[in-house]
*Asks:* 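One structure, pasted below without further comment.
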Amino acid sequence: MLKLGVLDQSPIIPGETAADAMARTLELAKTVERLGYTRYWVSEHHDTPGLAGSSPEILIAAIAAHTSRIRVGSAGVLLPHYSPYKVAENFRVLEALYPGRIDLGIGRAPGGMPIASEALRYGRPKEREEHFALMLRDLGGFLSDWLEPGHRFEGVRATPLVDTAPELWLLGSSGFSADRASELGGAFSFAHFINGDGGHEAVRRYFANYRPGPLGASPQANVCVIVICAETDEEAERLASSTDLRLLLLEQGQFRRPFPTPEEAAGYPYTDWDRMRIRANRRRMIVGGPEKARAQMLEFSKNYGVEELIVLTYTYDFQARLRSYELLADLFGLGQ
C-alpha cells in the first residue's frame with residue numbers, strides 16, 4: 001500500500017496574515033494525522049512574504065504538541081547556513097520532547113534571495129560545496145555521539161542526551177544530495193515538485209550505491225510532488241490554474257505577488273512562452289479527480305521505485321487543500 005505524507009509551506013493567502021497561515025498549518029496537521037498520513041514536513045524560507053515558514057524547528061515543536069502519532073519534520077533545515085552542532089542540539093530537544101516522531105530533513109538551497117542568505121550567515125563566507133559532506137558527517141556524529149578519533153570537536157556532546165535519534169533525510173532536486181545520502185547512510189527525498197526531470201535516475205543511483213554510514217543504517221527514499229485532487233477532473237484543473245500562474249510568476253521573479261485566484265488565472269494575458277512554461281511545470285504536478293489522481297500517483301510511485309509520496313497541495317483556497325488531502329486518504333485507504 002502506498003504511504004502518503006504532507007509537505008506544508010505555510011502559504012499566506014491574500015486577505016490573511018502570517019498568523020492565519022500558522023493556524024492553518026496546525027489545523028491541517030491535525031486533520032491529516034486523523035486521516036492516516038505518515039509524515040508532516042514543514043519548509044524553511046526566508047524574506048519570502050508569501051510563505052510563513054521561516055523556522056521549521058519551532059513550527060515542528062508546535063505541530064508535534066498538537067498531534068500525537070504522525071511523524072513531524074523539516075523539509076528542510078538549510079544546513080550550509082548553520083552550525084551542525086546547533087542543529088543537532090535543536091533536534092535532540094525535539095526528540096526528547098516527542099521521541100520516535102521527529103524527522104530531520106536537510107537541504108542546501110539558499111531558502112531566499114542572496115541578501116537573505118548573507119544575513120543568515122552574518123558575515124561568514126559561503127560554505128564551499130565540498131564542505132557540505134563534512135557538515136553532514138559532523139551532524140551525524142553529534143547525533144550519534146561518535147566523532148572520529150582526533151576530530152577537532154572530539155568529546156563535545158550534543159545535549160540533551162537522549163536514547164533515540166531523529167530520522168535524518170537529505171532533500172534534493174538533483175543527484176547531488178542523492179549521492180551524499182548514499183555515501184553517508186542517510187534517507188533521501190527527491191523534490192519532484194521543484195524539478196520534474198532527473199529524479200528517477202537520482203533515486204535509482206541512491207539505492208544502487210547506498211551503504212550504511214554516520215547518517216543511517218538502511219536505505220529509505222520518497223518523492224515529494226504537487227498533487228491537486230478534487231471531486232472532478234474539471235474542478236481539479238480549475239484549482240490548478242491558479243497554481244500554474246503562481247509557479248509562472250515565481251519563475252519571473254515576482255516573489256512578493258499574492259497567490260492568484262483561479263479567476264485571475266483565467267483572465268491572465270499569457271504569452272506563447274508562458275504557456276510553454278506552464279506545460280513544462282505540469283511535469284511537477286499530478287492534477288485530477290479521484291480516479292485520475294489515484295492512477296497517476298500509483299504509476300508515478302512505480303516509476304520512481306518508492307513506496308511513499310510526500311504530497312504538496314498548493315492551491316489558493318484552504319478548504320480545497322483540505323478536501324484534496326481527504327480525497328487522497330480515501331483513495332489509498334489511509335488509517336485503515
*Asks:* By side chain to side chain contact (heavy atoms under 4.5 Å, CB included), which residues pair with Ala61, not counting sequence neighbours?
*Replies:*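 Listed in chain order: Leu94.
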*Asks:* Hey, what's the ring geometry for Trp169 with Trp41, parallel, tilted or perpendicular (30° and 60° as the breaks)?
*Replies:* perpendicular
*Asks:* Taking all non-hydrogen atoms of both residues, which atom of Pro290 and which atom of Leu331 are closest, and how far apart?
*Replies:*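 Distance-wise, the nearest heavy atoms are O-CD1, 3.4 Å.
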*Asks:* Check step by step if side-chain contact (heavy atoms from CB on, under 4.5 Å) holds for Thr25 and Leu59.
*Replies:* CA-CA 9 Å; Thr25 284; Leu59 199 48; 4.3 Å; yes
*Asks:* Just by modelled atom types, is the Gly289 backbone N or O under 3.5 Å from a matching donor or acceptor in the Asp233 side chain?
*Replies:*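 Pair found, side chain donor or acceptor close to backbone of Gly289.
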*Asks:* If you look only at pairs with a residue in residues 307-336, which of them pass as a ring-ring contact (aromatic ring centres under 6.0 Å, His included), with sequence neighbours excluded?
*Replies:* Tyr37-Tyr325, Phe259-Tyr314
*Asks:* Under 4.0 Å between a Lys/Arg side-chain N and an Asp/Glu carboxylate O for Arg101 and Glu167?
*Replies:*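 Glu167 and Arg101: not salt-bridged.
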*Asks:* Under a 3.5 Å distance rule, please check whether Ser83 uses its side chain to pair with a backbone N or O of Tyr85 as donor and acceptor.
*Replies:*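 Here the side-chain-to-backbone pair exists.
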*Asks:* Please check if the number of heavy atoms outside Ile115 that lie under 6.0 Å from its CD1 is greater than 12.
*Replies:*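 12 or below, so no.
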*Asks:* So does Ile58 have more than 12 non-hydrogen atoms from other groups sitting under 6.0 Å from CD1?
*Replies:* no
*Asks:* Could you tell me if Glu308 and Thr38 have a donor-acceptor pair between their side chains, going purely by distance under 3.5 Å?
*Replies:*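 Per modelled atom types, Thr38 and Glu308 side chains form a pair under 3.5 Å.
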*Asks:* Which heavy atom of Val162 sits nearest a heavy atom of Ala96, and at what distance?
*Replies:*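 Heavy atoms only, the tightest pair is CG1-CB, 3.5 Å.
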*Asks:* For a quick check under 3.5 Å, do Tyr40 and Asp8 share a side-chain donor-acceptor pair by atom type?
*Replies:*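 There is such a pair between these side chains.
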*Asks:* If you count heavy atoms of other groups shown closer than 6.0 angstrom to CD of Glu118, is the number above 12?
*Replies:*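 Counting other residues, nucleotides and ligands, CD of Glu118 stays at 12 neighbours or fewer.
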*Asks:* Can we say Lys30 and Glu33 salt-bridge, meaning some charged N sits less than 4.0 Å from an Asp/Glu carboxylate O?
*Replies:* no
*Asks:* Mark yes or no for whether Ser173, through its side chain, and Ala191, through its backbone, hold a donor-acceptor pair below 3.5 Å.
*Replies:* no
*Asks:* Using distance alone, with no hydrogens and no angle criterion, decide if Ser43 and Gln9 have a side-chain donor and acceptor under 3.5 Å apart.
*Replies:* no
*Asks:* Checking Glu89 against Thr159 for the side chain to side chain donor-acceptor pair (under 3.5 Å) test, could you report, in this order, the C-alpha distance in whole Å, the side-chain angles of both residues, the deciding distance, and whether it holds?
*Replies:* CA-CA 6 Å; Glu89 291 205 319; Thr159 54; 3.1 Å; yes
*Asks:* Are the side chain of Thr261 and the backbone of Glu264 linked by a donor-acceptor contact shorter than 3.5 Å?
*Replies:* yes
*Asks:* Would you call the rings of Tyr304 and Phe300 parallel, tilted or perpendicular if under 30° counts as parallel and over 60° as perpendicular?
*Replies:* tilted
*Asks:* Scan Arg279, Arg283, Arg284 and name whichever one has a side chain to side chain donor-acceptor pair (under 3.5 Å) with Asn281.
*Replies:*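 By the side chain to side chain donor-acceptor pair (under 3.5 Å) criterion, Asn281 pairs with just one of Arg279, Arg283, Arg284: Arg284.
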*Asks:* So with a 6.0 Å cut-off around CD of Glu307, is the heavy-atom count from everything else above 12?
*Replies:*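 Counting other residues, nucleotides and ligands, CD of Glu307 stays at 12 neighbours or fewer.
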*Asks:* Please answer whether the main-chain N or O of Leu51 pairs with a side-chain N or O of Thr48 as donor and acceptor at a distance below 3.5 Å.
*Replies:* no
*Asks:* Quick one: does Tyr206's side chain have a donor or acceptor within less than 3.5 Å of a partner on Gln220's backbone?
*Replies:*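 Judged by distance alone, yes, a pair lies under 3.5 Å.
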*Asks:* Once you measure the plane-to-plane angle for Phe132 and Phe176, does it fall in the parallel (<30°), tilted (30-60°) or perpendicular (>60°) bin?
*Replies:* tilted
*Asks:* Whether the side chain of Thr315 engages the backbone of Ala320 through a donor-acceptor N/O pair (distance < 3.5 Å, no angle test) should be reported.
*Replies:* no
*Asks:* Between Leu170 and Arg180, what is the shortest heavy-atom contact and its length?
*Replies:* CD2-CB, 3.6 Å
